[in-house]
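Note sheet for the following structure.
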Protein chains: 2
Amino acid sequence: MTSDPGADGHGTAALVRDGVEFGERDRALLREIERTGSVAAASSNLGRSRPRDLSRIETLEETFGELVERRRGGSGGGGSQLTDTGDQLLARYERLQVALTATAQVPETVLQGTVTDLSGELAEVDTPVGRVRGLHDDVTVDDQLQVRIGADSITLLDPGSDPEPDATSARNRLVGTITGIDRGETVLTVHVAVGDADFQALVTDNSAQRLDLHENREVVLTWKATATRLVSESR
Amino acid sequence: MTSDPGADGHGTAALVRDGVEFGERDRALLREIERTGSVAAASSNLGRSRPRDLSRIETLEETFGELVERRRGGSGGGGSQLTDTGDQLLARYERLQVALTATAQVPETVLQGTVTDLSGELAEVDTPVGRVRGLHDDVTVDDQLQVRIGADSITLLDPGSDPEPDATSARNRLVGTITGIDRGETVLTVHVAVGDADFQALVTDNSAQRLDLHENREVVLTWKATATRLVSESR
DNA sequence: AATCGTTGTATGGATTGAGATACACCGGTT
DNA sequence: AACCGGTGTATCTCAATCCATACAACGATT
């Protein structure tokens with residue numbers, strides 16, 4: 001039952017399949033090959049060993065499929081270009097890296113909870129602030145777990161103009177009190193106390209003004225069940 | 001201007017600081033130390049070399065601060081326990097790993113765009129589907145970039161009951177047509193065409209029924225600017 | 001004082017990753 | 001045929017990582 005401060009240092013991702021890791025070095029190589037059209041030029045530009053890089057591509061290809069189409073001789077002496085598979089692998093990798101960077105920059109509210117109900121990919125969890133719904137992976141009723149909610153998922157509403165949701169809505173909804181506002185340039189981090197829990201929501205300057213957000217003000221927090229991560233503690 | 005299919009293989013994270021990477025092996029070690037209260041037992045249980053693990057802890061500590069308080073002699077012969085710093089580092093690492101796992105499971109809509117306006121952490125981007133607002137890092141006007149929107153960020157609304165937002169709202173809002181619905185057990189992936197762009201939104205069964213979502217139906221998509229990632233292409 | 005079970009330290013060996021160097025092969029161009 | 005500039009292959013060396021083994025030191029307990 002805490003809010004998680006931003007990361008110290010940065011995160012780096014790797015895409016793993018059958019024990020082979022596609023990481024930042026590999027990304028850089030493929031991008032440079034794409035740019036130059038040549039493994040030789042790419043390796044040279046990156047200050048790396050061409051035979052080593054060629055060997056590395058082969059290792060990656062054994063696991064991820066053909067990534068680079070290499071041509072020997074011909075006009076220009078030969079050359080290389082990324083395959084569609086190579087493009088897709090890069091896109092996947094870069095997506096992971098973006099997610100890491102975003103995570104590091106966005107506060108997260110973490111609650112402890114107990115699973116009370118399962119319904120497909122969704123689970124209902126009893127937490128100190130009440131019932132919360134979220135996406136789970138392989139939990140069972142009575143499991144202890146963490147509820148993780150990114151500050152960029154939470155929408156703040158004026159209690160007066162918030163329509164009470166009907167019972168079929170899968171949005172989580174709580175009422176809390178603003179305990180502080182950290183100002184960025186045009187994005188604010190709003191701290192909201194709900195019981196003993198400290199929620200954090202990212203809000204734009206415009207929205208904060210429209211809603212007249214200030215300390216001690218009561219607000220409604222809503223966020224989608226599908227944006228709520230339920231994480232088993234038995235890792 | 002595409003939707004990004006789910007990842008193949010899984011992602012793995014590392015927390016990097018001053019060239020030192022805290023990764024999965026390190027996490028497992030710290031968690032086992034926490035559980036057993038002993039480096040010796042942890043190493044043994046993990047089938048690893050104790051001197052090596054002790055050396056590894058020292059390396060990590062040079063960069064991340066004191067992670068494990070080690071005691072030599074005394075009752076029980078000695079023992080070890082995680083420091084607060086160790087706890088926090090683990091929390092940070094695990095948060096990254098959760099983000100990766102979530103990313104791998106949630107479709108993402110990716111649009112190409114050009115920066116038209118900057119306002120603090122927010123930028124406005126001209127895309128094929130219109131103006132989109134999102135969080136950026138260090139872009140300038142006229143930059144080409146990618147707009148990334150997770151399917152778990154998008155809320156679908158009935159056009160008839162959607163209040164038109166006033167101009168100060170920082171929510172992105174588009175109108176589209178449902179082109180397909182992929183059914184999970186209780187969470188659906190709804191494909192929505194907006195012009196030539198294919199958006200994907202995660203929606204619960206309950207919400208889909210309440211909104212009567214089906215193919216060819218017109219819907220409103222909204223999502224927060226703060227949940228929109230703007231990614232430079234010059235990486 | 002001896003014993004216990006932990007941490008602390010040193011040494012050696014194996015494996016893997018990665019750079020440096022050299023030669024071979026290819027197909028288009030001159 | 002010779003040349004060009006790429007890919008393909010082989011060999012060597014070095015550094016980093018990590019396991020195995022052994023001995024030393026510590027403080028509580030007997």
Side-chain angles (χ1 to χ4, degrees), chain A residues 12 14-30 32-64 66-83 86, chain B residues 12 14-30 32-64 66-83 86:
Chain A
T12 188
L15 198 50
V16 185
R17 191 170 168 191
D18 297 334
V20 179
E21 289 198 13
F22 184 92
E24 174 55 32
R25 277 180 65 95
D26 303 313
R27 183 208 64 81
L29 177 60
L30 290 192
E32 193 67 17
I33 289 169
E34 181 183 41
R35 200 181 69 83
T36 59
S38 149
V39 175
S43 298
S44 172
N45 291 346
L46 294 174
R48 288 158 49 167
S49 147
R50 175 170 61 80
R52 171 65 193 162
D53 282 344
L54 282 166
S55 170
R56 178 64 182 167
I57 291 169
E58 275 173 27
T59 299
L60 292 173
E61 289 186 331
E62 281 161 16
T63 294
F64 293 102
E66 191 186 18
L67 305 177
V68 179
E69 199 177 302
R70 304 187 283 288
R71 203 183 60 254
R72 184 182 182 158
S75 69
S80 300
Q81 63 183 146
L82 291 199
T83 63
Chain B
T12 189
L15 199 48
V16 186
R17 193 171 167 192
D18 296 335
V20 178
E21 289 197 13
F22 183 91
E24 174 54 31
R25 278 180 63 96
D26 303 311
R27 183 207 63 82
L29 178 59
L30 290 192
E32 194 65 16
I33 289 170
E34 181 183 43
R35 199 181 69 82
T36 59
S38 149
V39 176
S43 298
S44 175
N45 291 347
L46 294 173
R48 290 161 46 169
S49 148
R50 177 171 59 83
R52 170 63 193 162
D53 282 344
L54 283 167
S55 169
R56 178 64 183 166
I57 292 169
E58 275 175 25
T59 299
L60 293 173
E61 290 186 329
E62 281 161 14
T63 295
F64 293 102
E66 190 185 21
L67 305 177
V68 179
E69 197 176 302
R70 303 188 281 291
R71 205 182 61 254
R72 181 184 185 162
S75 71
S80 301
Q81 63 184 147
L82 289 200
T83 63

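Quick note: numbers below take in every heavy atom, side chains included, and nothing from hydrogens, waters or symmetry partners.
Residue order along DNA chain C, read from the 5' end via each residue's closest nucleotide, puts B/Leu54 first among A/Leu46 and B/Leu54.
Between the A/Ser55 side chain and the A/Pro51 main chain, no donor and acceptor come within less than 3.5 Å of each other. Side-chain atoms of A/Thr63 do not come within 3.5 Å of backbone N or O of A/Val20 as any donor-acceptor pair. In terms of modelled atom types and a separation under 3.5 Å, the side chain of A/Arg71 and the main chain of A/Ser80 share no donor-acceptor contact. At least one donor-acceptor pair under 3.5 Å links the side chain of B/Thr83 to the backbone N or O of B/Leu67. A donor-acceptor pair under 3.5 Å links the side-chain atoms of B/Thr36 to the main chain of B/Glu32, judged by distance alone.
In this structure, A/Glu24 places its CD atom 13 Å from P of C/dA18, rounding to the nearest Å. In this structure, B/Glu61 atom CD and C/dT7 atom C1' are separated by 13 Å, rounded to whole Å. Across the protein-nucleic acid pair, B/Arg56 atom CZ and D/dC18 atom P stand 6 Å apart, rounded to whole Å. Atom-to-atom, CG of A/Leu29 to P of C/dG17 comes out at 15 Å; the value is rounded to the nearest Å. Rounded to an integer number of Å, the gap from CZ of A/Arg48 to C1' of D/dC14 is 18 Å. Atoms CD (A/Glu69) and P (D/dG6) sit 18 Å apart, rounded to a whole Å. For A/Asp53 and C/dA20, the CG to P distance is 11 Å, given to the nearest whole Å. Computed from coordinates, the A/Ile33 CD1 to D/dG5 P distance equals 20 Å when rounded to whole Å.
Listed nucleotides: C/dG19, D/dT7, C/dT9. Nearest to the side chain of A/Arg52: C/dG19. Side-chain atoms of A/Pro51 lie closest to D/dA10 of the nucleotides D/dA10, D/dC18, D/dA20. The side chain of B/Ser38 approaches C/dT6 more closely than any other nucleotide in the set C/dT6, D/dT9, D/dT7.
At D/dG8, one or more side-chain N or O atoms of A/Arg70 fall inside 4.0 Å of OP1 or OP2 (strictly under the cut-off). Distances shown here put every side-chain N or O of B/Arg25 at or beyond 4.0 Å from the OP1 or OP2 atom of D/dT17.
To the nearest 0.5 Å, atom CZ of residue A/Arg25 and atom CG of residue A/Asp53 are 7.0 Å apart.
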Which atoms of nucleotides 24-30 of chain C (N or O only) lie under 3.5 Å from a protein N or O atom, and what are those distances?
| from | atom 1 | to | atom 2 | distance (Å) |
| --- | --- | --- | --- | --- |
| C/dC25 | O4' | A/Arg72 | NH2 | 2.9 |
| C/dC25 | O2 | A/Arg72 | NE | 3.0 |
| C/dC25 | O2 | A/Arg72 | NH2 | 3.1 |
| C/dC26 | O4' | A/Arg72 | NE | 3.3 |
| C/dC26 | O2 | A/Gly73 | N | 3.2 |
| C/dG27 | O4' | A/Gly74 | N | 2.9 |
| C/dG27 | N3 | A/Gly74 | N | 3.4 |
| C/dG28 | O4' | A/Ser75 | N | 3.4 |

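A/Ser80 comes within contact range of the sugar-phosphate backbone alone, with a heavy-atom separation under 4.0 Å but no base atom that close.
Salt bridge annotation for B/Arg70-B/Glu61: present, with a cationic side-chain nitrogen under 4.0 angstrom from a carboxylate oxygen.
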